[in-house]
Amino acid sequence: MPTFNLLFVCLGNICRSPCAESVMLHLIDRAGLSEQVHIDSAGTGDWHIGKHSDDRMRKHAKRRGYSLDSLARQVSPLDFQRFDMILVMDQQNLRDIASFAPDEAAMKKVQLFCDFAKDRSERQVPDPYYDGEEGFEQVLDIVENGSQYLLEHIKAKLSKSPA
Ligand code: 4NP
């Protein structure tokens, strides 16, 4: 059975990328693809390793039915082997993750999440950490939109993969 491994990356791995992980897990589960699609998240920074997601992010996500259960970890060079696609939240993440890539070719797996958020005007998922409540709602709005298109992208990839 073909599989697809997807990694979401932000700075701290306590707000945006665990949010995307949870929303995407929800959609993948609903699509009956949990056996085939493996999803994880990580941060380029190391300050929050081992910690639960930010309480504010968890609260806002919970209101929309998503549970953020992962513990923060830092990106590793091995992630470029383990994952088929790595989606970053902003341009800073894109610059920072390059220092973890084993070579330049590995960076071909890295893409901005907002490339999939086709109905949104934002081209980055803004860092909500120092913002108010609206920042967390905006993260969820962008993530929910991008995840719909991402699901279609993954389904297409799986259908084209050799069995
Ligand atoms: P995230 O948000 O990258 O979406 O997890 C942040 C979390 C923590 C910090 C910055 C952004 N921080 O500076 O500690």
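Predicted model only: the values in this text are computed from it and were never measured. Counting starts at 1 for both ligands and their atoms, following the listed order.
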Item to complete: With Arg16 as the cation and Phe136 as the aromatic partner, state whether NZ or CZ is under 6.0 Å from the six-membered ring centre and within 45° of the axis.
Response: no

Rounded to the nearest 0.5 Å, the CG atom of Asp29 sits from the OG atom of Ser34 at a distance of 4.0 Å

*asked:* Strictly below 4.0 Å, N to O, side chains only: are Lys157 and Asp84 in salt-bridge contact?
replied: no

Value for CG (Leu94) from CG (Leu87), rounded to nearest 0.5 Å, stands at 11.0 Å

At a 4.0 angstrom heavy-atom cut-off, ligand 1 is contacted by Cys10, Leu11, Gly12, Asn13, Ile14, Cys15, Arg16, His48, Asp127, Tyr129, Tyr130

*Would you confirm whether the ring centroid of His38 sits within less than 6.0 angstrom of the ring centroid of Phe4?*
no

Gln124 side chain to Gln91 main-chain N or O, any donor-acceptor pair under 3.5 Å?
-> yes

